Amino acid sequence: MRASAPARLAARLSDLAGAPVVLERPSDPAHGDYATNVALRTAPQHRRPPKELAAELAERAAALEEVERAEVAGPGFLNLWVTPAWLAEALGEIGPDYGAGTPERRQKIQVELISANPAGPLTVGSARNGAYGDSVARLLSHAGHEVEREYYFNDAGRQVELFRASVEARRRGEEPPEGGYQGEYINELAARDVDPVQYMLGEIRREVAEFRIAIDSWRHQGEIEQEVAGVLPKLDSYEAAGTTWARTSEYGDDKDRPLIRSEDGSYLYFAADVAYVRDKLERGFDRAIYVLGADHHGYVGRLKAAAAMLGYDPERIEVLIYQLVHIVEGGQTKKISKRRGDVVFLHELIDKIGVDATRWYLVSRGHDQPIDIDVDLAAERTQKNPVYYVQYAHARIAGILRNAEGEHGGTPSELEKEERDLIKRLLEFPGVAAEAAERRAPHAIPIYAIRVADDFHRFYHEHRVVGSETEAFRLALVRATQSVIAHCLDLIGVAAPERM
RNA sequence: GCGCCUGUAGCUCAGCGGACAGAGCGGCGGCCUUCUAAGCCGCGGGUCGGAGGUUCGAAUCCUCCCAGGCGCACCA
């Protein structure tokens with residue numbers, strides 16, 4: 001896989017400049033198709049005025065066949081205009097594998113996501129975990145890594161027993177136990193003749209699939225707990241205050257962590273964490289990614305400490321934190337609590353607005369940004385979800401392609417403004433996808449997709465495709481646009497419809 | 001008290017070292033005999049929480065302060 005056209009252009013310019021050139025797309029069209037600040041950045045080390053350096057580079061750049069014009073502007077920017085032939089040729093590179101990377105070092109990566117207790121249906125909080133984590137997994141896979149998705153069922157702990165007891169109490173017509181679970185779904189479960197935990201295990205698998213997340217590996221707490229006894233002797237631990245402690249504070253954690261409950265000698269959760277870390281890394285993953293809500297960010301230190309204590313490079317453990325989803329009711333914002341029943345379930349949101357709008361909505365803001373879902377406004381607000389705007393562009397193109405019979409391709413001698421803008425936008429895709437993967441920031445994809453749809457709708461409004469003088473070229477342009485939109489939607493698990 | 005995250009247009013959010021800060025929604029006004037009007041165009045709207053600092057250049061980096069969210073269990 002060779003570098004994308006803009007990357008190759010940047011590389012040629014880097015040779016001319018003798019320094020790495022980063023091309024950006026200026027917002028002001030008067031500043032060219034591409035611009036670079038190399039002269040500004042390298043002026044200090046050359047001890048020469050940036051404008052002088054930029055002027056020299058401009059002269060050399062203008063001699064490149066792909067460059068139509070090069071100008072120095074402002075304090076020392078170099079602005080470039082590219083030829084229609086270069087744009088048309090670059091367009092030809094857009095296809096099924098467009099933007100797919102081959103990393104310098106292909107890694108085997110595990111992404112553990114959701115892993116909600118089977119103590120009820122998935123909440124919108126878990127849905128954010130899934131939408132975010134799965135999109136990161138898709139991005140990494142697109143970037144060329146080998147990715148496996150795992151879901152860990154905490155199906156043997158205290159919370160789950162409390163849940164089971166709550167349902168059973170309900171069946172006997174009693175109040176739930178102290179700290180137990182409440183809510184309509186408990187009543188519904190009580191009415192069914194099933195083991196509540198077994199039932200939820202099945203329900204969650206179904207919901208995850210419906211949310212378009214393909215889990216490769218389902219693990220259960222019991223499996224990990226069997227490994228605990230074998231791991232504990234390998235830890236740097238000591239006895240104090242009636243229990244065994246892992247000396248995690250020596251390995252970057254805030255404090256030491258107890259491994260065994262002194263009351264009854266049973267393993268505490270951290271013991272399972274350690275066993276699980278080893279389990280993951282021993283399975284040959286170069287990297288184990290955990291996707292956790294902000295309420296679990298205290299986990300980062302202890303998981304890395306666990307790895308370090310076992311002799312692994314803690315860099316192999318990566319914890320992705322996303323901010324929480326809150327529900328807003330009557331102007332009041334509150335944290336989701338399954339136990340209290342203050343909760344919006346994923347299936348409710350899907351029923352209201354569908355999988356596409358739900359996934360788009362949950363992944364389209366930065367993971368560092370909290371999300372409020374207003375129970376009353378959710379449906380109304382998401383009717384205006386930009387997902388439809390993007391899907392519409394895809395469907396519109398499908399319509400054009402249904403009407404067209406001619407060949408695709410060719411290079412017109414002149415390009416319309418809307419065509420140039422659209423092509424340049426499409427050429428951004430490999431960079432956008434690579435950066436999104438690198439930064440674990442899938443929200444860049446929907447934002448970019450909106451811009452593509454934007455440029456397409458503008459083009460569509462101004463120019464006809466079928467029956468135009470440059471029909472073959474425009475068919476290729478429109479087909480490439482559709483392909484890039486489809487790639488974007490796929491990266492975030494949203495459907496790309498042929499008709500709307 | 002300590003740690004992580006956040007504070008950008010009326011609302012929801014992008015932008016995270018470059019050229020006058022952007023989009024969607026909401027408001028107002030235009031555009032369908034032509035490939036889907038779920039569309040396009042125009043208008044209005046911002047001391048980028050505050051104060052210092054680094055830099056040729058800061059919404060973007062550093063420090064402090066203010067405000068909000070989340071953590072700091074022998075629960076998960």
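On a predicted model such as this, the values are computed, not experimentally measured, just so you know. Every chain is numbered from 1, with letters handed out A, B, ... down the list of sequences.
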Is Ala73(A) touching bases, backbone alone, or none of the nucleic acid, heavy atoms closer than 4.0 Å? base
Would you measure the distance from the C1' atom in G15(B) across to the matching atom in C70(B) and give it in whole Å? 25 Å
Quick check on RNA chain B: between His394(A) and Ser364(A), whose nearest nucleotide comes earlier from the 5' end? Ser364(A)
Proximal nucleotide (of U36(B), A73(B), G69(B)) relative to the Lys255(A) side chain: A73(B)
Just checking Ala241(A): base, sugar-phosphate only, or nothing, at a heavy-atom cut-off of under 4.0 Å? base
Taking any heavy-atom pair under 4.0 Å as a contact, classify His367(A): base, sugar-phosphate, or nothing. nothing
Is any side-chain N or O of Asn37(A) under 3.5 Å from a base N or O of G18(B), one able to act as donor and the other as acceptor? yes
Non-hydrogen side-chain atoms of Tyr152(A) and Leu113(A) separated by less than 4.5 Å: no
Considering only C40(B), G15(B), U12(B), which nucleotide approaches the side chain of Arg439(A) most closely? G15(B)
When you measure from the centre of the six-membered ring of Tyr299(A), is the NZ or CZ of Arg302(A) under 6.0 Å away and within 45° of the axis? yes
Roughly how many Å apart are G69(B) and G52(B), using the C1' atom of each and rounding to a whole number? 27 Å
Between Phe429(A) and His487(A), is the ring centre distance below 6.0 Å? yes
Rounded to whole Å, the CG-P distance (Asp455(A) to A23(B)) equals 12 Å
To the nearest 0.5 Å, what is the distance between CD1 on Ile445(A) and CG on Leu491(A)? 5.5 Å
Check every strand shown and say whether Glu498(A) touches a base, only sugar-phosphate, or nothing at a heavy-atom separation below 4.0 Å. base
Rounding to the closest angstrom, what is the interatomic distance between A59(B) and G49(B) at atom C1'? 12 Å
Looking for any heavy atom pair under 4.0 Å, which part of the strands does Gly301(A) touch: base, sugar-phosphate only, or nothing? nothing
Should Glu150(A) and Lys280(A) count as an ion pair when the cut-off is N to O under 4.0 Å? no
With the stacking rule set at 5.5 Å and 30°, tell me whether His296(A) counts as stacking on G71(B). no
Looking only at side-chain atoms of His31(A), point me to the closest of A19(B), C35(B), A14(B). A19(B)
Describe the nucleic acid contact of Phe459(A) in one word from base, sugar-phosphate, nothing, applying a heavy-atom distance below 4.0 Å. nothing
Contact class for Arg458(A) (heavy atom, under 4.0 Å): base, sugar-phosphate, or nothing? sugar-phosphate
Report the nucleotide, chosen from A37(B), A76(B), G69(B), that has the shortest atom-to-atom distance to any side-chain atom of Asn117(A). A76(B)
Measuring only the C1' atom in each nucleotide, how far is A51(B) from U12(B)? A whole number of Å is fine. 29 Å
Mind checking if Ala35(A) touches a base, just sugar-phosphate, or nothing, with heavy atoms under 4.0 Å? base
When all nucleic acid strands are considered with a 4.0 Å heavy-atom cut-off, which category describes Arg302(A): base, sugar-phosphate, or nothing? base
Between G71(B) (C1') and Ile321(A) (CD1): distance, integer Å: 10 Å
Gap in Å between the two P atoms, one belonging to G50(B) and one to C32(B), rounded: 45 Å
Given RNA chain B, 5'-ward residue of the pair Tyr299(A) and Tyr392(A), judged by closest heavy atom: Tyr392(A)
Taking atom C1' in both U8(B) and C43(B), compute the distance separating them and give it to the nearest angstrom. 22 Å
Counting side-chain heavy atoms from CB outward, which of G39(B), U36(B), A19(B) is closest to Arg499(A)? U36(B)
is_close_aromatic(Tyr389(A), His457(A)), centroid dist under 6.0 Å: yes
Is the terminal nitrogen or CZ of Arg257(A) (NZ for Lys, CZ for Arg) located under 6.0 angstrom from the six-membered ring centre of Trp245(A) and within 45° of that ring's axis? no
Can you tell me which nucleotide in A37(B), U6(B), C70(B) comes closest to the side chain of Asp368(A)? U6(B)
Mate of G27(B) across any strand shown (Watson-Crick or G-U wobble, both atom pairs under 3.5 Å) is C43(B)
Give me syn or anti for C32(B), where syn covers glycosidic angles within 90 degrees of 0. syn
What interatomic distance, in whole Å, is found between C1' of A9(B) and the corresponding atom of C5(B)? 24 Å
Measure from the side chain of His443(A), starting at C-beta and using heavy atoms only, and say which of A76(B), A14(B), C74(B) lies closest. A14(B)
From G18(B), G39(B), A14(B), nucleotide with atom closest to His461(A) side chain: G39(B)
Any donor-acceptor N/O pair under 3.5 Å between G3(B) base and His297(A) side chain: yes
Within 45 degrees of the ring normal and closer than 6.0 Å to the centroid, is that where the cationic atom of Arg464(A) sits relative to Tyr460(A)? no
Base, sugar-phosphate or nothing for Tyr389(A)? Non-hydrogen atoms, less than 4.0 Å. sugar-phosphate
How would you label the contact of Tyr460(A) with the nucleic acid (heavy atoms, under 4.0 Å): base, sugar-phosphate, or nothing? base
Of the listed nucleotides (A14(B), C74(B), U36(B)), which one gets closest to any side-chain atom of Arg365(A)? A14(B)
Roughly, in whole Å, what's the span from CD in Glu469(A) to P in U34(B)? 22 Å
Closer than 4.0 angstrom, basic N to acidic O: yes or no for Asp454(A) and Arg425(A)? no
Across the strands shown, which category fits Asp28(A) at heavy-atom distances under 4.0 angstrom: base, sugar-phosphate, nothing? base
Identified pairing partner of A58(B), criterion: Watson-Crick or G-U wobble below 3.5 Å: none
With rounding to the closest Å, how many angstrom separate the P atoms on G26(B) and A38(B)? 15 Å
Between the base of A19(B) and the side chain of Asn79(A), is there a donor-acceptor distance below 3.5 Å? yes
From the options C72(B), C70(B), A76(B), select the nucleotide whose nearest atom is closest to the side chain of Asn154(A). A76(B)
Scan Ile260(A) against the nucleic acid and name what it touches under 4.0 Å (heavy atoms): base, sugar-phosphate only, or nothing. base
Just to be sure I understand the rule, does His457(A) reach a base, reach only the sugar-phosphate, or reach nothing, if contact means heavy atoms closer than 4.0 Å? sugar-phosphate
